[in-house]
Amino acid sequence: MNPWLNAALRVLACIGLMLLNGALIIYMLRKVLGHMHLRLGPTELGPAGIIQLIPDVVKLLVKEDRHPGKTDRWLYILAPFIIFVPALMTWMAIPFSNHLMAIDLNLGVLMILSFLTIGPLGVFAAGWASHNKFALIGAMRAIGGAITYEIPMVLSALVPVMLAGSLSLKDISLAQAGSFWYWLPGLPCLVIFFISSIMETNQSPFDMSEAEGELVEGFNVEYSAMRFGFMYLAEFANNFIMAAIIVCLFFGGWTLPFVNPTTMGWLAPVVFLIKTYLVIFLFMFVRGTFSRYRVDQMLALGWKKMMPIAIVYTALVAFVLKVIAMKTGGGM
Amino acid sequence: MSKKWFPTGIFKALGIVWKNLWRKNIVIDYPWEKYPMPERARWSVQLKYDEEGAIKCTACGICEKTCPICAIQIDVTTDPETRDKHINHWEYERGGCMMCGLCVESCPFDAIYQDTNIELAHESRDLIRIDLATDVDAAKAKRAAAPKPAAKPDAPKPEAGEEKPATKPATEEGGKADESLA
């Protein structure tokens with residue numbers, strides 16, 4: 001096959017998955033959060049309101065693309081794409097099964113975590129270019145939050161990486177099939193990674209840069225129509241990505257206990273998606289339960305609790321692994 | 001009490017939400033299901049009709065004068081000879097009405113009431129300002145057959161009050177009349 005065509009098809013598949021995932025998460029968000037709050041969610045269109053998504057997308061597509069005056073024009077246009085493209089890129093390295101992934105990167109974890117760091121930059125660009133004080137405050141918070149959660153997140157991702165001895169998400173999943181799932185030895189890291197993921201995806205207890213109640217919509221307050229749609233979609237894509245990384249790092253990816261991970265066939269992506277959406281359900285569970293933290297509380301949580309725990313635990317695991325390696329005579 | 005080292009409240013909250021997820025919803029699917037309105041709910045003003053289907057309104061205009069926001073306007077033509085009243089329009093501004101009920105309280109003929117319909121949103125402005133009655137004859141202003149106070153044997157005569165200022169020294173009759181009036 002023509003390599004260009006091959007690459008284009010892979011990118012298209014990622015975009016298609018991203019759109020489908022966006023639709024599914026919007027529906028989940030409404031129904032699951034609704035029932036948690038003893039509401040009904042959408043009910044009118046289709047069985048249990050499932051067709052409600054189509055008018056929503058049509059609304060985003062046909063709405064007026066408003067462009068407020070005094071904005072930084074080029075940055076304003078560019079910002080949704082700075083948010084959207086990294087979110088799309090991260091889909092490339094997600095292993096849905098032994099073979100089913102866009103690229104088999106041997107530095108998958110590093111690639112995904114570094115691309116996710118570009119997201120807050122786009123948020124800042126959007127807030128800065130909007131020429132709006134709410135947007136600017138939201139953007140500042142996004143940057144402050146990013147510095148807070150990135151370091152504990154990366155440190156806690158190091159534990160499964162050290163246990164598996166690889167940075168490839170596929171190898172980490174396979175390593176867990178051979179021994180045990182890494183949530184057991186990495187429980188504090190799982191908790192820290194989970195909280196950081198909620199911060200990363202801008203969800204409710206830590207939705208600092210959006211802050212519906214105080215900043216209207218934060219960084220995207222001046223965006224409308226499909227520009228807003230891109231940001232919306234990127235947010236849901238990030239949601240899926242974080243859940244997928246948690247599944248890969250701590251819950252064995254597509255593997256199941258006592259099943260040969262390389263011969264699972266069609267079952268592998270199904271298992272992977274079920275696990276991922278269970279983690280997304282957990283995100284929503286947390287989102288539907290807690291009220292929002294203050295900014296200083298979130299920063300204190302990040303710097304004073306998560307960071308020391310992550311550093312100490314990572315160092316501990318590294319030390320133990322080194323000792324085991326020395327005892328057994330193998331090098332690490 | 002000292003701070004707990006373990007945040008038990010977080011898990012309590014999660015437990016409550018988990019229970020809520022399986023509980024029956026406290027809301028209803030509104031346009032398709034409705035709560036029964038309480039019997040004493042008081043919403044928009046409606047006219048009352050008697051057994052023959054004629055309106056009970058006499059077009060006296062007291063409700064119109066009582067209404068603090070002029071939501072009621074009655075357009076009346078009076079026959080110059082018989083003094084019979086004819087209602088051209090009994091206009092009621094549903095959008096402006098604040099459902100205070102002063103008109104209903106003030107109506108001496110019990111001709112209007114507040115119904116229990118809460119669905120007062122409409123598609124057009126023409127439906128907000130409506131005619132409750134158009135081009136009908138108003139009811140005759142006649143008192144209902146209330147028991148007259150004179151029917152009692154020892155009731156004071158109506159003249160007693162009027163005579164009181166004339167007869168300065170209070171007679172027995174005058175004193176009785178005063179007591180009964182008070």
Side-chain angles (χ1 to χ4, degrees), chain A residues 27-52 187-188 190-192 194-199 203-206 277-294 297-298 300-302 304-306 308-309 312, chain B residues 1-44 46 92-99 114-130:
Chain A
Y27 185 70
M28 257 179 92
L29 199 68
R30 288 177 171 164
K31 274 298 186 191
V32 174
L33 275 184
H35 283 281
M36 277 174 185
H37 298 160
L38 303 177
R39 291 182 284 115
L40 288 166
T43 53
E44 287 299 300
L45 289 172
I50 199 158
I51 306 179
Q52 182 68 41
L187 191 60
L190 172 63
V191 173
I192 288 170
F194 188 78
I195 296 171
S196 310
S197 307
I198 297 171
M199 293 177 179
Q203 293 199 62
S204 192
F206 307 108
Y277 279 100
L278 278 177
V279 176
I280 291 175
F281 175 81
L282 273 182
F283 283 151
M284 285 178 186
F285 193 21
V286 171
R287 180 178 178 158
T289 305
F290 299 112
S291 52
R292 202 174 64 242
Y293 268 50
R294 280 202 318 263
Q297 286 171 331
M298 174 186 153
L301 180 70
K304 290 186 189 166
K305 298 217 172 85
M306 278 156 54
I309 293 172
V312 168
Chain B
M1 203 176 136
S2 66
K3 218 173 160 185
K4 280 179 192 165
W5 70 273
F6 190 73
T8 47
I10 289 178
F11 296 97
K12 246 182 238 172
L14 286 171
I16 289 168
V17 172
W18 181 255
K19 264 186 243 161
N20 279 354
L21 191 56
W22 308 109
R23 253 172 74 189
K24 197 175 173 299
N25 291 309
I26 54 171
V27 294
I28 54 169
D29 198 0
Y30 164 62
W32 316 117
E33 303 168 41
K34 286 172 191 172
Y35 287 122
M37 283 304 289
E39 203 178 317
R40 296 181 65 192
R42 287 169 182 182
W43 292 87
S44 71
Q46 297 289 339
Y92 170 51
E93 175 98 36
R94 283 195 279 201
C97 181
M98 58 179 184
M99 325 293 172
Q114 288 181 282
D115 72 359
T116 55
N117 179 20
I118 56 162
E119 286 160 337
L120 299 172
H122 297 284
E123 285 173 1
S124 129
R125 288 190 182 191
D126 304 334
L127 296 170
I128 295 293
R129 190 179 182 85
I130 51 163

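Below, all heavy atoms of this structure are taken into account, side chains as well, without hydrogens, waters or symmetry copies. Lettering follows sequence order; numbering is per chain, from 1. Remember, it's a predicted structure, so these values are computed and weren't measured experimentally.
Taking B:Trp22 as the reference, nothing meets the side-chain hydrogen bond (donor to acceptor under 3.5 Å, both in side chains) condition, with sequence neighbours excluded. B:Glu119 meets the salt bridge (charged side-chain N to carboxylate O under 4.0 Å, His left out) test with B:Lys34; sequence neighbours excluded. Applying the side-chain hydrogen bond (donor to acceptor under 3.5 Å, both in side chains) criterion to A:Arg39, with sequence neighbours excluded, gives A:His37.
Contacts between residues 8-20 of chain B and chain A, counted as heavy-atom pairs separated by less than 4.5 Å, involve B:Ile10, B:Ala13, B:Leu14, B:Val17, B:Trp18, B:Asn20.
Counting all heavy atoms, side chain and backbone alike, B:Val27 lies closest to A:Leu38 at CG2-O, 3.7 Å.
Residue B:Glu123 qualifies as open at atom CD: its count of foreign heavy atoms under 6.0 Å is 12 or below. Summarising the local packing, OH of A:Tyr27 is surrounded by more than 12 heavy atoms from other residues, nucleotides or ligands at distances under 6.0 Å.
Atom CG of B:Leu21 sits about 8.0 Å away from atom NE2 of A:His35, to the nearest 0.5 Å.
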